[in-house]
Amino acid sequence: FSSAMSASFYTKPANNGNAGVAMETSWDSNPGRQRTLQPITTGASVLAIKYNAGVIMVADTLGSYGSLAKFRSIPRVLRVNDATVAAASGDLADMQFLNTVVENHAIDEEIHEHGIAYSPASLHSWLTRVMYNRRSRINPLWNTYIVAGTEAGQPFLGYVNMLGVAFKEDCLATGFGSHLCLGLLREALDAAGGYAGLTEETATSALEACLRVLYYRDCRAYNQYQLANVPVAKPAQVSGPHFLQSDWSVAKLVKHYTE
Amino acid sequence: MAMLEEPSCPGFVFDNVLRNQHLLAKCGGGSQADAAASSTSALPRAKKTGTTIVGCVFNGGVVLGADTRATEGNIVADKDCSKIHYISDRIYCCGAGTAADTEMVTRQISAQICLHRLSTGRLPRVITAKQLLKDYLFRYQGYIGAALVIGGVDYQGPHLYSVAPHGSVDCAPYITMGSGSLAAMAVFESRFKPDLDQGQAVQLVRDAILAGIFNDLGSGSNVDVCIIRQDGVEYLRPYLRANEKGQRAAVYRGGKPAVLRTDRRPVLADIISTRIIRDSGAAQAAGETPMET
């Protein structure tokens, strides 16, 4: 970690300056401090796929409060630097806390002006250690992160969840997306013979089709989303919010429901 | 004339639930762990079908599809079980959930439909089969673990319904059930259009079942398909053998690894000589000769 002193100069509002370290005081000195038992305000699935010249990641902009669609415009995609983006599902408070820490680290690195920046693999590795460490203290950050970007001239895509389980793959999905959409993404990759055969347009349309399936079949999904594209040769771009078109004409064919 | 079975007393009958509880208490007793450890005291694990089952309506009838894996916990109990059951000549039913329950309940309703057909002199309707199944399952409040996809063609045209274990029904032009239902439903939601022809519907059903087979651990092996039209039924089992045993999945580069560097070091060791001497009195009395190494 960078020194806590330098981190305190540019912490975000409503942050008490402990951005550099995940501080937890002991039970004795601070009896009000609790452990995370359940996520409160949550984000739904994050989907990502590699293509021949980079990686694309999508996440909708809904913050659910249980079954209430409370915050309809929450950005869940974080642009860390030109070569790295990350998005999280799960508890949004934990996501915003970790994102602040990551952003402050990125600012640290710019200030040092040594030309070394977070790479997606280093961010993925750091996130894995933080998540596993919190899990081992039975006080997890209730998130599943997907890290995407360009690592050594190649597309990078990594997954870390609240247990510290981490792996890299050509297509990833969190939450409900892993049940509904991973099959579709794997099929798209197989049809193209691997990510090297997948164009940007095909990858984007595959992800959009998956978001549509999620909007139809996941109760906590939403039809407004952000899209992050990290081409290998160009800087990362986070665009949004985009609006998802959905087709409900099948409802006419649902007949004899209550006989 | 009472063609359909009637319960002996009004309301719900929970005798078997009480029986199960009594059995568990009598044989098991103690903790769950004790019960699991002793093979006689724990209730046997039901063979479940895991499963991906789907149905799809097209412009000439209905296509039903199913995988062929039956699981018992984490073990594959049957690699090629048949999940598309016959109800009547133009009505078939896919079953997910507890294998015995799906088999028995479809067989029972098939018999009732046959008797009903003989009694009324009319071709059976899909909605009748659905009604019988759902009334029966609701009466057992979900204890009969059968999740069914009923499809068929009758005088009104093609019909497709799903019946859940608690007795709820759903009607839609495409339906999926089982542990692989999410993977299969994703395929339908992205590619279904109204007014498909038979070839397109079969392709969609095949892709949906394959999505379940390859992305769900409870489903696997082959794809079975059943195409039901007004003029006939094609029961294609297997439609596709997706997991042939012994087929080479990848080729691993053979050959010896390259030697980058050789480093020879002598290993210094002490040679110890051992000599076993037995007690000559006892050994000679037993007839053994002393051993030496």
Side-chain angles (χ1 to χ4, degrees), chain A residues 44-45 47 49 58 159 169-194 202-223 244-259, chain B residues 52 56-59 62 125-132 134-135 150 154 156-163 168-176 178-196 204 206-219 242:
Chain A
S45 319
L47 310 169
I49 194 169
V58 292
Y159 167 110
E169 253 296 351
D170 292 347
C171 65
L172 289 172
T174 69
F176 241 88
S178 64
H179 295 107
L180 281 166
C181 303
L182 259 191
L184 295 175
L185 292 177
R186 286 171 182 164
E187 206 181 0
L189 280 170
D190 286 344
T202 319
T204 314
S205 63
L207 285 174
E208 221 176 290
C210 289
L211 279 174
R212 198 165 293 119
V213 171
L214 281 172
Y215 183 54
Y216 291 144
R217 293 285 167 174
D218 178 7
C219 296
R220 308 286 184 259
Y222 198 51
N223 58 359
L244 201 60
Q245 300 300 322
S246 47
D247 176 17
W248 299 87
S249 59
V250 149
K252 294 196 291 277
L253 298 169
V254 178
K255 287 184 277 200
H256 309 298
Y257 197 135
T258 53
E259 277 160 2
Chain B
T52 310
C56 180
V57 172
F58 66 97
N59 59 20
V62 172
R125 304 181 193 182
V126 185
I127 210 165
T128 316
K130 174 205 74 165
Q131 201 78 352
L132 291 170
K134 86 142 156 75
D135 286 346
I150 317 160
D154 55 31
Q156 282 177 322
H159 297 270
L160 184 64
Y161 298 100
S162 73
V163 182
S168 63
V169 287
D170 273 292
C171 172
Y174 51 92
I175 281 181
T176 67
S179 57
S181 63
L182 278 79
M185 183 52 84
V187 173
F188 277 117
E189 287 289 10
S190 44
R191 307 223 296 258
F192 179 85
K193 294 182 303 293
D195 230 12
L196 294 166
L204 204 50
R206 167 198 176 274
D207 290 344
I209 299 291
L210 284 177
I213 286 174
F214 290 121
N215 296 296
D216 171 46
L217 296 174
S219 313

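Chain identifiers are assigned alphabetically (A, B, ...) following the order of the sequence lines, protein sequences preceding nucleic acid strands; residue numbering begins at 1 within each chain.
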Asker: Rounded to the nearest 0.5 Å, what separates atom CG in Asp190(A) from atom CZ in Phe214(B)?
Answerer: 9.0 Å

Asker: Side chain from CB out, backbone as N, CA, C, O: work out which of these in Ala183(B) comes under 4.5 Å of a heavy atom of chain A, or both, or neither.
Answerer: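 Answer is both: backbone and side chain atoms of Ala183(B) are under 4.5 Å from chain A.
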
Asker: Of the non-hydrogen atoms in Leu182(B) and Leu180(A), which two are nearest, and what is the gap between them?
Answerer: O-CD2, 3.3 Å

Asker: Would you compute the distance between atom OG of Ser249(A) and atom NZ of Lys193(B) and round it to the nearest 0.5 angstrom?
Answerer: 11.5 Å

Asker: How long is the straight-line distance from CZ of Arg191(B) back to CG of Leu184(A), given to the nearest 0.5 Å?
Answerer: 8.0 Å

Asker: For Val254(A) and Ala172(B), which heavy atoms make the closest approach, and how far apart are they?
Answerer: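 For Val254(A) versus Ala172(B), the nearest heavy atoms are CG2-CA, 4.4 Å.
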
Asker: Any residues in residues 202-213 of chain A near chain B, with a heavy-atom distance under 4.5 Å, and which are they?
Answerer: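 The stretch touches chain B at Val213(A).
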
Asker: State the CG-CG distance between Leu185(A) and Asn215(B), to the nearest 0.5 angstrom.
Answerer: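 Answer for the CG-CG pair, Leu185(A) versus Asn215(B), is 10.0 Å.
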
Asker: Look at His179(A), Arg217(A), Lys252(A) and state which one has the largest set of heavy-atom pairs under 4.5 Å with chain B.
Answerer: Arg217(A)

Asker: Need one label for Tyr174(B): side chain, backbone, both or neither, based on atoms under 4.5 Å from any heavy atom in chain A.
Answerer: side chain

